[in-house]
2 protein chains.
Amino acid sequence: MSVHSEDNQAFIDHDHSHCIEDALVAARAVCATNGARFTRLREQVLTIIWASHQPIGAYAILELLLAANPGQRKPAPPTVYRALDFLLQQGLVHRINSLNAYIGCTHPGSAHHSQFLICTECSTAREFDAGLPAQLVHEAAGADFQIASVLLEVTGLCPQCATGRSQHG
Amino acid sequence: MSVHSEDNQAFIDHDHSHCIEDALVAARAVCATNGARFTRLREQVLTIIWASHQPIGAYAILELLLAANPGQRKPAPPTVYRALDFLLQQGLVHRINSLNAYIGCTHPGSAHHSQFLICTECSTAREFDAGLPAQLVHEAAGADFQIASVLLEVTGLCPQCATGRSQHG
DNA sequence: AACGTAACGTTATAGTATAACATTTTCACT
DNA sequence: AGTGAAAATGTTATACTATAACGTTACGTT
């Protein structure tokens with residue numbers, strides 16, 4: 001498995017190396033603000049996640065981590081999950097529940113909920129921030145429900161895959 | 001583990017046996033309409049799900065299924081998952097991704113998306129139907145994204161658990 | 001009854017996540 | 001620099017969730 005899937009549309013329309021760098025800069029800032037330690041391992045995991053630029057599973061992260069650290073320490077699943085827990089807590093990554101996978105947050109630092117458009121064809125996940133649906137707030141209020149977090153996962157076809165599909169018939 | 005958790009708030013404010021019966025009646029109607037076979041196994045699984053009246057895991061369903069069929073056939077995980085897949089396809093149950101659990105749909109037959117208020121304290125999941133958030137539709141349209149399904153899982157505190165918590169300090 | 005298909009049983013295994021404990025690293029304080 | 005407490009990571013084992021693959025049974029049609 002490769003970190004880079006150059007056939008993925010996400011890579012076509014931007015300079016991807018910037019994403020990783022920007023994410024690391026933002027992560028250092030967030031952790032500094034929160035008094036949290038952005039260790040080498042956590043940085044490695046976040047880098048792997050951003051390099052993938054797609055939802056990536058914990059075990060895939062583990063493989064890449066092992067490949068990146070030949071001969072040295074041998075991380076096992078708990079190591080990865082602990083790093084992921086940390087990154088989730090700091091708001092640096094999101095978990096895509098529909099895919100059992102993780103993806104870098106596009107605007108860390110600002111409190112927001114997890115909202116994604118997920119392509120069933122190419123598995124690209126595009127984060128968006130639409131605020132809390134008014135109707136949802138209304139429902140919750142009517143039910144006396146205290147909202148702690150919101151997860152909105154929309155699956156369907158991204159423009160590229162929709163186009164490809166209609167071309168092929 | 002018991003099918004009935006009488007301490008669960010969901011049981012307090014209604015006659016629960018009606019839920020199961022109503023769900024079975026609705027399920028038969030839906031399957032008849034769709035030309036699908038509502039077999040004994042599928043009925044048993046749906047009954048177990050409704051009897052739980054909470055999100056329930058596949059393996060918990062399996063245990064209850066084994067308990068209900070002493071000595072006869074011995075369902076294994078695939079049997080349960082196949083029944084669940086069927087019920088999901090017919091729109092008779094929903095999967096709560098946040099919990100890896102399944103729950104009966106409160107208004108089967110009418111096309112709708114999966115939207116739940118999930119209590120982190122008592123795991124009760126309350127389905128609601130708020131329609132598609134206008135902002136989401138707008139975002140999807142702007143991104144040329146073709147929506148296939150929407151999953152909205154809101155976690156927080158239900159009224160009962162919020163009350164209990166504030167009473168205890 | 002014979003056939004084809006759908007449903008279910010059965011065995012094995014893949015994939016995701018965490019418990020529990022040992023070791024190392026880090027940081028504050030001397 | 002040395003020390004001790006706490007945090008982070010390493011390590012082993014295992015729990016939990018889900019599916020692949022194949023055999024058998026049940027069902028409806030002819």
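Worth saying up front: this structure is predicted, and the values here are computed from it rather than measured. A, B, ... follow the sequence lines: proteins, then strands. Residue 1 opens every chain.
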For A/Gln146, check side chain to side chain donor-acceptor pair (under 3.5 Å) against everything at least two apart and list the hits. none
Scan A/Tyr102 against the nucleic acid and name what it touches under 4.0 Å (heavy atoms): base, sugar-phosphate only, or nothing. sugar-phosphate
Only pairs under 3.5 Å count here: list side-chain donor-acceptor contacts from residues 126-136 of chain A, not counting sequence neighbours, and write none if there are none.
residue, atom, partner, partner atom, Å
A/Glu127, OE1, A/Thr106, N, 3.1
A/Glu127, OE1, A/Thr106, OG1, 3.1
A/Glu127, OE2, A/His94, NE2, 3.0
A/Glu127, OE2, A/His112, NE2, 3.0
A/Asp129, OD1, A/Gly131, N, 3.2

Enumerate the residue pairs fulfilling side chain to side chain donor-acceptor pair (under 3.5 Å) with a member in residues 81-90 of chain A, sequence neighbours excluded, ordered by first and then second residue. A/Asn34-A/Gln90
Nearest-Å distance, CD (B/Glu63) to C1' (D/dT17)? 14 Å
Please give, in whole Å, the distance from D/dA8 P to A/Leu87 CG? 12 Å
Quick one: on DNA chain D, does A/Phe86 or A/Ala76 contact a more 5' nucleotide (nearest heavy atom)? A/Phe86
Atom CG of A/Leu62 and atom C1' of C/dT18: how far apart are they, to the nearest Å? 14 Å
In whole Å, I'd like the distance from the CZ atom of A/Arg73 to the C1' atom of D/dT12. 19 Å
Applying salt bridge (Lys or Arg N to Asp or Glu O under 4.0 Å) to B/Glu21 and not counting sequence neighbours gives none
Specify the residue among B/Pro75 and A/Gly57 whose closest nucleotide of DNA chain C lies further upstream toward the 5′ end. B/Pro75
Distance check needed: D/dT17 C1' versus B/Ile61 CD1, whole Å only. 12 Å
Sugar-phosphate atoms are those with a prime plus P, OP1 and OP2; base atoms are the rest. Using that split, label each nucleotide of nucleotides 19-30 of chain D B, S or - for protein heavy atoms under 4.0 Å, 5' to 3'. BBB-----S---
Report, as yes or no, whether the 6.0 Å neighbourhood of atom NE2 on B/His107 holds more than 12 heavy atoms from other residues, nucleotides or ligands. yes
Does B/Thr33 use its side chain to pair, donor to acceptor, with the backbone of B/Ala29 at less than 3.5 Å? yes
Calculate the interatomic distance between A/Asn97 atom CG and D/dT17 atom C1'; express it in whole Å. 14 Å
Starting at atom CG of B/Asn100, determine the distance to atom P of C/dT18, rounded to an integer number of angstrom. 10 Å
In whole angstroms, the gap separating C1' of C/dT26 from CZ of A/Arg42 amounts to 12 Å
Sequence neighbours left out, what pairs pass salt bridge (charged side-chain N to carboxylate O under 4.0 Å, His left out) with at least one residue falling in residues 35-53 of chain A? A/Arg28-A/Glu43
